[in-house]
Amino acid sequence: MPRAENIKSADSGESLDAAGFRRDLRKWYKANARELPWRESQDPYRIWLSEIMLQQTRVATVIDRYKEFLQRFPTLVALALAREEDVLAAWSGLGYYHRARSLHRAAQFVMRECNAQLPETAAELRSLPGIGEYTAPAIASICFNEPVALVDGNVERVLLRVLSLGENKRSPAMKRLHEQATMLLDVRNPGTHNQAMMELGATICLPRNPKCSECPVQKYCKTQGEHETTARKTMRSQESVYLLATRKKGTVTEVLMMKRGAEESQMAGMWELPSLPPELFRNSEVLLGLRHSITNTNYYVRVLASKPALMEIAKNEHGDALVWKRQKMLNTLPLTGLARKVLQRMDLLHRPPVHLPGNDRQQIE
DNA sequence: CAGTCGTGGAG
DNA sequence: TCTCCAAGACT
C-alpha cells in the first residue's frame, strides 16, 4: 500500500529536476539506442511509414516488414500510385488493415495536394488519415525538429511511474500527461528526446518487471517501478473450419480462395481460404490444426483436405466469392494473417512478393 | 467514449 | 497452455 504521507503526488511535476532528467535520459539514449532501420534517416516518408507500422505492433515484428514495404514502395509517390490491393498485400499479416488503407489514402492526398511533400507541423499532419494524437508529434519532432511532446504507451507508463500518478484512465492526472511530457521535453532535440522516452519504456521501464537498476533516471522516479495494472478482458473461444482445395491445370497448381466482403468489419476485401460450418465437422480428419487469436477471441482452427462433398458445401455457402487462384500468385494477394499462416505451413506460399533489384534468385522448387 | 480493429512472441 | 499486450486511430 502506498504511504499516505506521499503528499507531493498532486503537483509532482514541480518537484522534479526536469533539466537533470533530460540530460541523463539523453546521455543514456546516445549510448544505448537500438539500431533500427528507421533510425538511419530522417526522411519523412520513411519515418511516417515506420510510425504507422509500429502502432500497436512490436518492433521485432515490424523490422523485416518495414524493409520489404520500402522495397516494394520506395517513395511516397510510388505508394500513392499503387493499387490499394497491392498495398494491402504488402501489409498482409501485420494486422489493423485500416492503417494500410489510411496510409495509402494519405499518400494520394499528399501527392495531389501537397506536391508530394509531407506537411511539416504536427497540427497539419494530424489532419491526414491514420495520423492521430501520437503519430503527428512523432513525425513532426523526428523529421522536422518541431518542439512538440508525445505520449504513447511507453511514455505514458514512464510518466505514471516517475511522477507516481496511478493508472486510472479516467483520472484528471491522465489528462495532464501531455502537459507533463511537454514540461520534460528537450526543446532543442525534440525528436531525440521523444525517441529516448519511448526507448526507455520499451527496454527498461517495462510493463512487468521493470529494470530499475539499469534505469538512467531512477533517481528522479517516485515509484521505483511500483505500478498497478488493470485487469484485462477474458479471452473467448470459437472454432472455425477451413477448406484447403487444390487442383492441377496442366503443370499449374491452383488453390481455391475466397474474398471477404468489402463491408466486413474485419479484414474487408482480403483473401482467405473458404470457410465451412464447424458443427458439421466435429470428427473429420484434419489436415492441419492451429490456434489463432484475434483481439479477445481464440479461434481454434481446423483445415480440411478437399473432397467433392466439401466442395459442394463450400459452393453453397459462398457461391461466386470462390475463386481458383494460381498458387504462384498467392503471395501477391492481400491474404489475412490466418490464411497466410495456413498456406505457409502447407508449403503453398513462396517467398514474399518483393522484387529485389539485382536479386534474381530463382524460386526454390 | 468505450468498443473495435490483428498478430505473434514472451513469460 | 494461457495470458498479456505492442511507437494508436477512429467511431
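So that the names make sense, note that chain A is the first sequence line, chain B the second, and so on, each numbered from 1. We use all heavy atoms of the structure for the numbers below, so side chains are in, but hydrogens, waters and symmetry mates are not.
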| request: Quick one: which residue pairs count as a side-chain hydrogen bond (donor to acceptor under 3.5 Å, both in side chains) with a foot in residues 302-313 of chain A, not counting sequence neighbours? | output: E239(A)-R302(A)
| field | Nearest-Å distance for atom pair CG/P, residues N194(A) and dG8(C) | value | 13 Å
| said: Any base atoms under 4.0 Å from R39(A), or only sugar-phosphate, or nothing? Heavy atoms, all strands. | reply: base
| query | Is the distance from OP1 or OP2 of dC2(C) to the nearest side-chain N or O of Y300(A) less than 4.0 Å? | reply | yes
| note | For R83(A), the salt bridge (charged side-chain N to carboxylate O under 4.0 Å, His left out) test, sequence neighbours excluded, returns D86(A)
| query | Taking atom CZ of R161(A) and atom SG of C205(A), what is their separation to the nearest 0.5 Å? | reply | 4.0 Å
| C1' gap between dG6(B) and dC4(C), integer Å | 15 Å
| query | Relative to the 5' end of DNA chain C, which residue comes earlier, G130(A) or Q195(A), by the nucleotide with the nearest heavy atom? | reply | Q195(A)
| Nucleic acid contacts of residues 259-271 of chain A, taken as heavy-atom distances under 4.0 Å to DNA chain B | S265(A), Q266(A), M267(A)
| query | Touch check for S102(A), heavy atoms < 4.0 angstrom, all strands: base, sugar-phosphate only, or nothing? | reply | nothing
| query | How long is the line joining NE2 of H178(A) and P of dG8(C), in whole Å? | reply | 14 Å
| M198(A) side-chain proximity, nearest of dA7(C), dC10(C), dT7(B) | dA7(C)
| note | R157(A) has its side chain closest, among dG6(B), dG8(C), dA6(C), to dA6(C)
Can I get a per-line list of side-chain donor-acceptor pairs under 3.5 Å for residues 110-122 of chain A, giving both atom names and the distance, sequence neighbours left out?
from	atom 1	to	atom 2	distance (Å)
T121(A)	OG1	E124(A)	N	3.2
T121(A)	OG1	E124(A)	OE1	2.7

| task | Provide the closest heavy-atom pair for W38(A) versus I47(A) in the form atom of the first, atom of the second, distance. | result | O-CD1, 3.3 Å
| query | Taking DNA chain B as the partner, which of residues 45-63 of chain A come within under 4.0 angstrom of it by heavy atom? | reply | Q56(A), T57(A), R58(A)
| request: Remember a base hit wins even if backbone is also touched, and classify E133(A) as base, sugar-phosphate or nothing at under 4.0 Å, heavy atoms. | output: sugar-phosphate
| request: Taking all heavy atoms of N154(A) and all of G201(A), pick out the closest pair and write down the distance. | output: OD1-C, 3.3 Å
| Qualifying salt bridge (charged side-chain N to carboxylate O under 4.0 Å, His left out) pairs with a residue from residues 250-263 of chain A, counting only residues at least two apart or across chains | E85(A)-K259(A), R247(A)-E254(A), R260(A)-E264(A), R260(A)-E272(A)
| request: Give G93(A) one of three labels, base, sugar-phosphate or nothing, depending on what nucleic acid heavy atoms sit under 4.0 Å from its own. | output: sugar-phosphate
| query | Between atom CZ in R101(A) and atom P in dC5(B), what is the gap in whole Å? | reply | 13 Å
| task | Starting at atom CD of E156(A), determine the distance to atom C1' of dA6(C), rounded to an integer number of angstrom. | result | 13 Å
| task | Could you pull out all residues at least two apart from E84(A) that satisfy salt bridge (charged side-chain N to carboxylate O under 4.0 Å, His left out)? | result | R101(A)
| Sequence-distant partners of A19(A), side chain to side chain contact (heavy atoms under 4.5 Å, CB included), two or more places apart | D17(A), R22(A)
| field | Length of the line joining H292(A):NE2 and dT7(B):P, which is rounded to integer Å | value | 4 Å
| field | Side chains of Y134(A) and Q55(A), donor plus acceptor under 3.5 Å | value | no
| task | Grab the CG-C1' distance between D64(A) and dG9(B) for me, whole Å please. | result | 14 Å
| query | Are OP1 or OP2 of dG6(B) and a side-chain N or O of T336(A) less than 4.0 angstrom apart? | reply | no
| task | Could you tell me the separation between the CG atom of D152(A) and the P atom of dC5(C), rounded to a whole number of Å? | result | 15 Å
| message | It should be established whether Y96(A) places a side-chain nitrogen or oxygen under 4.0 Å from OP1 or OP2 of nucleotide dA6(C). | response | no
| More 5' along DNA chain C: N298(A) or R126(A), using each one's nearest nucleotide? | N298(A)
| request: Hydrophobic side-chain clustering at under 4.5 Å (ILVMFWY, transitive links): who's grouped with V187(A)? Put none if nobody. | output: L185(A)
If you restrict it to nitrogen or oxygen atoms, what contacts under 3.5 Å exist between nucleotides 1-3 of chain B and the protein, and what is each distance?
from	atom 1	to	atom 2	distance (Å)
dA2(B)	OP1	R170(A)	NH1	2.7

| said: Within the 4.0 Å heavy-atom criterion, would you say W38(A) contacts the bases, only the backbone, or no part of the nucleic acid? | reply: base
| task | Identify, with sequence neighbours excluded, every residue that meets side chain to side chain donor-acceptor pair (under 3.5 Å) alongside R126(A). | result | E133(A)
| said: Could you tell me how far dA7(C) sits from dG11(B) if I compare only their P atoms? Round to whole Å. | reply: 14 Å
| query | Could you state the OH-C1' distance from Y134(A) to dA7(C), rounded to the nearest angstrom? | reply | 3 Å
| field | Residue R208(A), side-chain heavy atoms: nucleotide from dT7(B), dA7(C), dC4(C) that is nearest | value | dC4(C)
| message | Under 4.0 Å from OP1 or OP2 of dG8(B): is there any side-chain N or O of K341(A) that close? | response | yes
| Partners of Y45(A) by side chain to side chain contact (heavy atoms under 4.5 Å, CB included), sequence neighbours excluded? | D43(A), W48(A), F69(A), L70(A), F73(A), L76(A), L79(A)
